[in-house]
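Worksheet: one structure, shown below.
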Amino acid sequence: MLVAAVVAFPLYWMVLSAFKPAGEIQSAAPRPWTLAPSLDSFRRVLEQQEFGRYFLNSLTVACAVVLASAVIAFLAATAVTRFRFRFRTTLLVMFLIAQMVPVEALTIPLFFLMRDLGQLNTLGSLVLPHIAFSLPFAIWMLRGFVKAVPEALEEQAMIDGASRTRFLWQILFPLVLPGLVATSVFSFISTWNDFLFAKSFLISDTSQSTLPMALLVFFKPDENDWGGIMAGSTVMTVPVLVFFVLVQRRLVSGLGGAVKD
Amino acid sequence: MAPTTTAPGSAVRQAGETDPAHPPAPAPRRAARRGGSAWTPWLYLLPALAVLGGLLVYPIYQLGLISFLEYTQAQVSGGEPTSFRGLANYTTLFADPQFRQVLLATVLFAAACVVTTLVVGCALAVLLTRVRALPRLALMLAALGAWATPAVTGSTVWVFLFDPDHGPVNRVLGLGDFSWTYGRYSAFALVLAEVVWCSFPFVMVTVYAGIRAVPAEVLEAAALDGASQWRIWRSVTAPVLRPILVVVTIQSVIWDFKVFTQIYVMTGGGGIAGQNLVLNVYAYQKAFASSQYSLGAAIGVVMLLILLAVTLLHLRLLRRQGEEL
């Protein structure tokens, strides 16, 4: 219980500070509670910084990445688990290696690529790389789920006259859905968290900014607006938190499945 | 329980003699026999390969290329032609004492993060198996919370917690207005704490799932046969956990080696006079702050090579465990 309290404390402090009135935040003797909760910090954040728009930007990018990589990874995972073909093992090894590529190291070439594609300062410059980076892990993880669907089911479907496409989307896809949820959590989080690409690719157009960037506006050389930072952090964290708790069962079983496999 | 590793240097095990707990699935039939064309798998793979080729393989190639060129603002804007410099960028880099120091700091910092994360994660996983349902749920939820917290917000919150003027930690510890981000080691320690906080849950949950995967009957049988707790751990639990530990270790190495956000946010872009730089932030500063793209690319290549070495090690370990691809 004590350990849990320690682990949860930073989050508690974040939410608490977001609700504290300015005077209490400035206080030299911070108290672990507040008697006068106020929405001032939230109001400041939402009004000054167009947080709503940044939030929407972040959400758009994350959802686009999740949807695209889920579909692409599902197809690829099906290909490598349910077919035997030349270079299959090579491909699998390549996916594993691709997982380990330090994506941060690719910021420079991607910057030039996005510039050549005319994607700088657009959300597309965040969506495209993140799809690529979440794919190898998603394929690797989905493999176990696709494998777990019995072969007999496929034969049965064929005998019943289902086409391959129909089997793929109407039978296999729903069965693999729990696995897709688990992998989607990872691609969602990594995209939602992205800071480096946003910082590097969205250089001049602040209307395209995402939440992590927007948060830094409250860091000032002289005096940080801690109330604003904490309110912004709360806005950025809580949706993910809720999402996480909602899917945690599937996530844990998904992890178990991937590790056991 | 069959041993999960074989003697070093022994041949890779064939599918079929793998871990008896997971009998190999019957080999998928040939596509031809199912009426599909031989191209079907490639059709399914096409989108994935296109995306990965365009946004992963090609940039890696470009990264390597730029690292051999003279590539600064002048070349980027087209003012000067790009010229091939061979290994000159690498020579410059390794002759630079700051780079060597950053490289060393990155490796040591990542190692410290990995070790602490693993120790905390494993200890809490064991703790989870020992406590009752309610504390277990509380710890699980708290860990999920830490896990779900974006790196940027985690960083801001931790900086705030340790803020010399308004943070509670100095107050409780009676440190007065001691500034954590001022000193090199205290700043690294602060970032380490944040990194461990947000990455131990993965280790904890995974290892906990691994411990739970050991069937209770096996443990009971071992206890009935008079095996000591230590003996049970060594002969039953540890072999099950070993592959899981390998996976979480490798994952942690990969994550912690390329920490960017935490360092950037918590130490204001690399600490006072760059004392808290790690390779990633260093490359970013070189490329985007001072427009030395080729040097930044060369740093990227160094990182890529180090992680590639870790990956190959991982692959070897997987192979040795008889993983069927």
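So that the names make sense, note that chain A is the first sequence line, chain B the second, and so on, each numbered from 1. These numbers come from a predicted model, not from an experiment. Any value given below was found using the heavy atoms of this structure, including those in side chains, with hydrogens, waters and symmetry copies removed.
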Interatomic spacing from [atom1] in [X] to [atom2] in [Y] - rounded to 0.5 Å:
X	Y	atom1	atom2	value
B:Leu45	A:Leu91	CG	CG	6.0 Å
A:Leu75	B:Leu46	CG	CG	10.0 Å
B:Leu56	A:Phe95	CG	CZ	10.5 Å
B:Trp197	A:Phe9	CH2	CZ	11.5 Å
A:Leu96	B:Leu312	CG	CG	9.5 Å
A:Met14	B:Thr149	CE	OG1	6.0 Å

* So with a 6.0 Å cut-off around CZ of A:Arg115, is the heavy-atom count from everything else above 12? ->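 Result for CZ/A:Arg115: enclosed.
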
Could you tell me which portion of [X] (side chain, backbone, both or neither) has an atom closer than 4.5 angstrom to a non-hydrogen atom of chain A?
X	answer
B:Leu304	both
B:Ile299	neither
B:Leu279	neither
B:Leu63	both
B:Gln251	side chain
B:Tyr58	side chain
B:Tyr208	neither
B:Leu43	neither
B:Tyr293	both
B:Val265	side chain

* Can you tell which of B:Ala151, B:Pro150, B:Gly210 has the highest number of heavy-atom pairs within less than 4.5 Å of chain A? ->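 Winner by heavy-atom pair count: B:Pro150.
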
* Hey, which of B:Ala148, B:Ala142, B:Gly300 has the most heavy atom pairs under 4.5 Å with chain A? ->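 Greatest number of close heavy-atom pairs with chain A: B:Ala148.
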
Tell me, out of [options], who's got the most heavy-atom pairs with chain B below 4.5 Å.
options	answer
A:Pro109, A:Ala148, A:Pro212	A:Pro109
A:Ala132, A:Ala98, A:Ala77, A:Pro10	A:Pro10
A:Phe111, A:Phe112, A:Phe74	A:Phe112

* **Proximity breakdown for A:Leu196 and chain B, heavy-atom pairs closer than 4.5 Å** =>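 Backbone plus side chain of A:Leu196, per the 4.5 Å heavy-atom cut-off to chain B.
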
* To do: Anything under 30° is parallel, anything over 60° is perpendicular, the rest tilted; go ahead and classify A:Phe85 against B:Trp42.
  =>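 A:Phe85 vs B:Trp42 ring planes: perpendicular.
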
